[in-house]
**Q** 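The following block contains the structure, expressed as structure tokens.
Chain identifiers are assigned alphabetically (A, B, ...) following the order of the sequence lines, protein sequences preceding nucleic acid strands; residue numbering begins at 1 within each chain. Atom set for the values below is all heavy atoms of this structure, side chains included, hydrogens, waters and symmetry mates excluded.
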Amino acid sequence: MSRSNRLVKSADFRKVYKAGRSYSSPLMVAYARSNSDESAVARFGIVASAKVGGAVKRNRARRQIREALRTLRNLSTSKPVDVVLVVRKPCTLAEYADIVNALRYLMARCGMIEDHHDTCNPAQRIR
RNA sequence: GCAGAGGGUUGGGUGGUCGCUGCAGUUCGCUGCAGAGGAAAGUCCGGGCUCCAUAGGGCACGAUGCCGGAUAACGUCCGGGCGGGGCAACCCGACGGAAAGUGCCACAGAAAUGACACAGCCGCAGAAACGCGGCAACGGUGAAAUGGUGCGGUAAGAGCGCACCGGCGGUGUGGAGACACAUCGGCCUGGUAAACCCCAUUGGGAGCAAGGUCAAAGAAGAAGGGGUUGAUGCUGCCCGCGGACCCUUCGGGUUGACCGCACGAGGGAUCGGGUAACCGGUCUCCCAGAGAGAUGACCACACAAAUACAGAACCCGGCUUAUAGACCCUCUGCAACC
RNA sequence: GAGAGCAUAGCUCAGUCGGUAGAGCAACGCCCUUUUAAGGCGUGGGUCCUGGGUUCGAGUCCCAGUGCUCUCA
């Protein structure tokens, strides 16, 4: 994920929280806001607060979500939408496959995946 | 074999596909190399480095505290002494000073450090109550009661005398020293210094968002206060150095790049010195470095299994705390066998 | 990165210099009242955050840790 595809500034995060819609799953919460700028692309920001765990747990969750976004990018439309993904505590214990499923569900709700046939919330194993 | 003591190593490996960060090369397609820890953690100490005076003096305040050594330095480490625990291997110890001074020692008790004497014992006097004098052994209290035990001694007693033990002081011997041993003296001194304190040693302040270079932009803006009779650096005060700005409120601009910043009290091997911590020589290696912050996903193989605690942010030396599993070395006691 | 503070009854807080832990509200019981509230009387309730240490004795002093809150940049 290159720099232009990331949300960086705290002002960007505030905009998304304030103006966006939110969708939740047990593993994470997504805030989405479509960007009306001319040259805008889809951008993502991942938030893992100190409540989730220590540095290792937060890093691991962030990396797995980033990998999931990379694999799902082929299916997604290139709508200019800013998405903030807030990590919830069970995510640090979840399997990678569950994170992919959760993320696919959330992106469909955001309207970033057009194919809707498997958008029902999948049963997620949480150890 | 059982039980135990001390110390160390490791914390996953190999191959493949896609992806991330840095460096080097590049025909700009890509290729090659490298890529978290023993604690990276807590921030409890000590340094390096940078700026403030080349880091200065005094008081205050803090830290350390048996002795010797190691070290850049330390509250760390090594060796030794002393005290305590354990059959032992071994472990633990804030381990200077209580005859410099002050404070405190609840309750109980006659009495808690100033001396005294409740019950009691003994002598004299007396019909008796009791009075005068001597005593601190015995009683009970307490965490702690003015050296302990025994013998002598006495009216009753008492280091009053003697022996042994303990403590203190002097002298001598050994040792670098802490200290140990010997000998002499006389019995005079409860605990608490993680209470104040005394003694010795030691500590200047701030921190890489330190500090520096370049570029861009805006208003070197307005009001109030302080200031060459000394602002500020500089922490509490005084001295000393330095010498012109500083503080508050309102309003405005920027939200960049580079250096610091990855070669270091560095790692590995080996030789020498030292009981050891450690030091020195030679050879060899270059080994993460961002600026919202790089290690993830999947598959295969062997294995009992891949599972613990946990993620560098200026850098080192320690301490402390967390930690699944695996492996190794040395030693002690008991039992059995030879 | 640098620093500061707090933790005591169900809740909010006291506790000077070490001597054996309280106050208000709440809870429970009784009285008062036709009843409730208010009022009066009484009662119970504590790992003083955790683990070591100093001391005869620690909520208090010292060391290490845990959790929470805050400040500066």
**Q** Can you tell me how far apart OH (A/Y96) and CD1 (A/I65) are? Round to the nearest 0.5 Å.
**A**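 With rounding to 0.5 Å, OH (A/Y96) is 10.5 Å from CD1 (A/I65).
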
**Q** Determine the interatomic distance between C1' on B/rC258 and the same-named atom on B/rU235; round to the nearest Å.
**A**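 One C1' to the other, the span is 35 Å.
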
**Q** Taking CG from A/L69 and C1' from B/rC18, how many angstroms apart are they, rounded to a whole number?
**A**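 Taking CG of A/L69 and C1' of B/rC18, I get 16 Å after rounding.
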
**Q** Can you check C/rG44 for me, syn or anti if syn means within 90° of 0?
**A**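 Because its glycosidic torsion lies more than 90° from 0, C/rG44 adopts the anti conformation.
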
**Q** To the nearest angstrom, how far is A/K57 atom NZ from B/rA322 atom C1'?
**A**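 From A/K57 NZ to B/rA322 C1': 13 Å.
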
**Q** Looking at every strand, decide which applies to A/R58 at a 4.0 Å heavy-atom threshold: base, sugar-phosphate, or nothing.
**A**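 Counting heavy atoms under 4.0 Å across all strands, no contact is made by A/R58.
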
**Q** Which atoms form the tightest heavy-atom contact between A/I99 and A/Q64, and what is the distance?
**A**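 The answer is CD1-OE1, 3.3 Å.
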
**Q** Is there a Watson-Crick or G-U wobble partner for C/rG29 with both distances under 3.5 Å, and which nucleotide is it?
**A**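 Pairing partner: C/rC41.
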
**Q** On a plain distance test, is the side chain of A/R63 in donor-acceptor contact with the base of B/rG311 below 3.5 Å?
**A**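 Checked by distance alone, the answer is yes.
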
**Q** If I take atom CD1 in residue A/I46 and atom C1' in nucleotide B/rC20, what distance separates them, rounded to the nearest angstrom?
**A**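 Atom-to-atom, A/I46 to B/rC20, this comes out as 13 Å.
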
**Q** Give none if B/rA125 has no partner; otherwise give the nucleotide forming a Watson-Crick or G-U wobble pair with it, both distances under 3.5 Å.
**A**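 Pairing partner: none.
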
**Q** Under a 3.5 Å cut-off for both distances, is B/rG221 Watson-Crick or wobble paired, and to whom?
**A**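 When the pairing criteria are applied, B/rC250 turns out to be the nucleotide that pairs with B/rG221.
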
**Q** Rounded to whole angstrom, note down the P distance from B/rA312 over to B/rG69.
**A**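 Those two atoms are separated by 41 Å.
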
**Q** Distance check, C1' atoms only: C/rA23 and C/rC48, in whole angstrom units.
**A**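 It works out to 16 Å between them.
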
**Q** On a heavy-atom basis, which atom in A/Y23 and which in A/A32 lie closest, and how many Å separate them?
**A**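 What the structure gives for the nearest pair is CE1-CB, 4.4 Å.
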
**Q** Between the side chain of A/R88 and the main-chain N/O of A/S25, is any donor-acceptor distance below 3.5 Å?
**A**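 Present.
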
**Q** Between C/rA64 and B/rA143, how far apart are the C1' atoms? Round to whole Å, please.
**A**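 Those two atoms are separated by 29 Å.
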
**Q** Does B/rG16 adopt a syn or an anti glycosidic conformation, taking syn as a chi angle within 90° of 0?
**A**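 You should classify B/rG16 as anti.
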
**Q** Let me spell it out: for each of A/V56 and A/F13, pick the nucleotide of RNA chain B with the closest heavy atom. Which residue's pick is nearer the 5' end?
**A**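 Checking each residue's closest nucleotide, the 5'-ward one belongs to A/F13.
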
**Q** Which nucleotide, in any strand shown, forms a Watson-Crick or G-U wobble pair with B/rU270, with both distances under 3.5 Å?
**A**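 Paired with B/rG281.
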
**Q** In whole angstrom, what separates A/N59's CG from B/rG296's P?
**A**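 Checked: the CG to P distance equals 10 Å.
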
**Q** Say you pick atom P in B/rU307 and the same atom in B/rC299; how far apart are they, in whole Å?
**A**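 Per the computed distance, 13 Å lies between those P atoms.
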
**Q** Write down the distance between CG (A/D98) and P (B/rA297), rounded to a whole number of angstrom.
**A**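 Answer to the nearest Å: 13 Å.
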
**Q** Roughly how far apart, to the nearest Å, are B/rC263 and B/rA244 at atom C1'?
**A**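 It comes out at 44 Å once rounded to the nearest Å.
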
**Q** Just label B/rU228 as syn or anti from its O4'-C1'-N9-C4 or O4'-C1'-N1-C2 angle, using within 90° of 0 for syn.
**A**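 With its glycosidic angle within 90° of zero, B/rU228 counts as syn.
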
**Q** Verify the distance criterion only: is there a donor paired with an acceptor across the side chains of A/Y31 and A/R33 at less than 3.5 Å?
**A**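 No, no side-chain donor-acceptor pair sits under 3.5 Å.
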
**Q** Under 4.0 angstrom, heavy atoms only, what part of the nucleic acid is A/Q64 near: base, sugar-phosphate, or nothing?
**A**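 It contacts sugar-phosphate atoms only.
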
**Q** Can you tell me which nucleotide in B/rG19, B/rA297, B/rG311 comes closest to the side chain of A/R70?
**A**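 Selected nucleotide: B/rG19.
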
**Q** Just the rounded figure in Å: distance from P of B/rG293 to CZ of A/R62.
**A**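 Those two atoms, CZ and P, are 7 Å apart.
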
**Q** Using the P atom on both, measure B/rC66 against B/rC82 and round to a whole Å.
**A**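 Rounded to whole Å, the distance is 16 Å.
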
**Q** Nearest 0.5 Å, please: how far is CD in A/E95 from CG in A/N101?
**A**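 Output value for this atom pair is 11.5 Å.
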
**Q** Between P on B/rG296 and OH on A/Y96, what's the gap in Å once rounded to a whole number?
**A**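 So the OH-P distance, A/Y96 to B/rG296, works out to 13 Å.
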
**Q** What's the gap between B/rC67 and B/rA180 when it is taken at their C1' atoms, as a whole Å value?
**A**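 Comparing C1' positions in B/rC67 and B/rA180 gives a spacing of 14 Å.
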
**Q** Whole Å only: how far is the CZ atom of A/R43 from the C1' atom of B/rA292?
**A**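 Rounded to whole Å, this separation is 14 Å.
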
**Q** Which heavy-atom pair separates A/L27 from A/A102 by the least distance, and what is that distance?
**A**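 Shortest heavy-atom contact: CD1-CB, 4.1 Å.
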
